[in-house]
Amino acid sequence: MSSARDLLAALLLTGALLLGALWLPGVWIDRNVVEQSGFLAITEPLAADEAIQRDISDSAVETVLDDDRIPGWAADQLAPLIQDQAPRLTGTEMYATLWDDTMQNLHDGLFSDGASELEVDLSPVIEEMLSAVDGSLPIQIPRPENATITLATIPDVPLLTTAQLVAPWFSWAGPAALVLAALALLVAAHRRALLALAGVAGIIAGALTCLLAGEIGALVPNSIDQAAFLGPIVQAFEAQFAADVMPQGVIVLGAGALVATVGLVLVGVHRRD
């Protein structure tokens, strides 16, 4: 009878271990990837990334100059003028609004079925850029008829679609793990030994969490991690994941070590008695 109780307790403890290992990474993904507000909070500082700013400003300049209505001689004179103006616009409120709209479209695209194009309308940027140089040439500078460009291709990531469905449940994984561990202690015939094993389970859960936080970059394909435009965004999420989850994993590991120590002490005291 006692062996059956210990077996059931071991099964409950295994379930607690699995839920405990999923808890912290799952909650982080829910709050910072699935929820749009968390996603935008991480991507907002990237608006100041020089490489990204250069991609957008260069695209705006190319869109203006790639217009057959502008004579060749005028394009030659216009090019240095707008190339000088473009970088100045990336710190404006207009650019910040354009960036937020682009990141919202990126978030929507990541959770849609199939690959899609990340497009942005550069009309506001181009209008500001050309308004600053109007009058510099003897002709009226025409505005592009279509100022929408494709910044990147958003890959199809089925895992994110699945995460969106299960993410709301991740916050319950931690409490559920504690409940299963408590049930295991109640069911077990050898509670002191099981308490030590519960601590070991906590150590494993914390270690797995730390390992995932430390190696998250290795899990992302290089085709995405090093992609133009999307690469710096993906790397920002990797860095934030490691910075947020690693300390929490260490806490879980330490708590598990404490529980395991208490359990081993109780086992030792019981044997001496």
| request: Using only heavy-atom distances, determine whether the side chains of E127 and S131 contain a donor-acceptor pair under 3.5 Å. | output: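 Yes, because at least one side-chain N or O of E127 sits under 3.5 Å from a partner of the opposite role on S131.
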| With the 4.5 Å side-chain cut-off for hydrophobic clustering, are V120 and I126 part of the same group? |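 They do share one cluster, since a chain of ILVMFWY contacts under 4.5 Å joins V120 to I126.
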Provide the closest heavy-atom pair for [X] versus [Y] in the form atom of the first, atom of the second, distance.
X: L185; Y: L194; answer: N-CD2, 3.5 Å
X: C210; Y: G249; answer: SG-C, 3.5 Å
X: A21; Y: A205; answer: N-CB, 3.9 Å
X: N146; Y: T63; answer: O-CG2, 4.1 Å
X: L130; Y: P142; answer: CD1-O, 4.0 Å
X: T209; Y: G20; answer: OG1-O, 4.5 Å

When you measure from the side chain of [X] to the backbone of [Y], do you find a donor-acceptor pair of N or O atoms at a distance under 3.5 Å?
X: T162; Y: P158; value: yes
X: R192; Y: G263; value: no
X: D156; Y: A115; value: no

First locate atom [atom1] of [X], then atom [atom2] of [Y], and finally report the distance between them rounded to the nearest 0.5 Å.
X: L253; Y: I203; atom1: CG; atom2: CD1; result: 6.0 Å
X: R31; Y: S171; atom1: CZ; atom2: OG; result: 7.5 Å
X: L24; Y: I29; atom1: CG; atom2: CD1; result: 11.0 Å
X: L17; Y: L197; atom1: CG; atom2: CG; result: 11.0 Å

| query | Would D108 and Q36 satisfy side chain to side chain contact (heavy atoms under 4.5 Å, CB included), going step by step from the backbone distance to the final call? | reply | CA-CA 9 Å; D108 293 342; Q36 190 179 82; 3.6 Å; yes
| task | Determine the interplanar angle of the H107 and F111 rings, folded into 0 to 90°, and report it as parallel if under 30°, tilted if 30 to 60°, perpendicular if over 60°. | result |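 Tilted, since the angle between the ring planes falls between 30° and 60°.
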Would you call [X] and [Y] a side-chain contact if the rule is heavy atoms closer than 4.5 Å?
X: L110; Y: I154; result: yes
X: V259; Y: L195; result: yes
X: Q140; Y: D134; result: yes
X: N105; Y: E119; result: no
X: T102; Y: L118; result: yes
X: L219; Y: L212; result: yes
X: L19; Y: W172; result: no

| said: Q85: which residues meet the side-chain contact (heavy atoms from CB on, under 4.5 Å) condition with it, sequence neighbours left out? | reply: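 So Q85 forms a side-chain contact (heavy atoms from CB on, under 4.5 Å) with R88, M129, A132, V133.
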| query | With V157, which residues qualify under side-chain contact (heavy atoms from CB on, under 4.5 Å), at least two apart? | reply |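 Testing V157 for side-chain contact (heavy atoms from CB on, under 4.5 Å), a comparison that skips the adjacent residues, returns P155, L159, L160.
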| request: Please name all residues satisfying side chain to side chain donor-acceptor pair (under 3.5 Å) with T153, sequence neighbours left out, ordered by chain then number. | output: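 For T153 the side chain to side chain donor-acceptor pair (under 3.5 Å) partners, ignoring immediate neighbours, are E117.
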Expected list for residues 38-55: side-chain donor-acceptor pairs under 3.5 angstrom, two or more places apart:
residue	atom	partner	partner atom	Å
T43	OG1	F39	O	3.2
T43	OG1	L40	O	3.2
D49	OD1	A51	N	3.0
D49	OD1	I52	N	3.1
Q53	OE1	T90	OG1	3.4
Q53	NE2	A47	O	2.9

Tell me which donor-acceptor pairs under 3.5 Å the side chains of residues 65-82 have, and how far apart each pair is, sequence neighbours excluded?
residue	atom	partner	partner atom	Å
D67	OD1	R69	N	2.9
D67	OD1	R69	NE	3.1
D67	OD2	R69	NE	3.4
D67	OD2	R69	NH2	2.8
R69	NH2	R143	O	2.5

| query | Going through the distances and angles, do E93 and T97 end up as a side-chain hydrogen bond (donor to acceptor under 3.5 Å, both in side chains)? | reply | CA-CA 6 Å; E93 183 177 346; T97 301; 5.2 Å; no
Please tabulate, for side-chain N and O atoms in residues 229-247, each donor-acceptor pair with protein atoms closer than 3.5 Å (sequence neighbours left out).
residue	atom	partner	partner atom	Å
Q235	NE2	D225	O	2.8
Q240	NE2	D244	OD1	3.1
Q240	NE2	D244	OD2	3.2
D244	OD2	W28	NE1	2.9

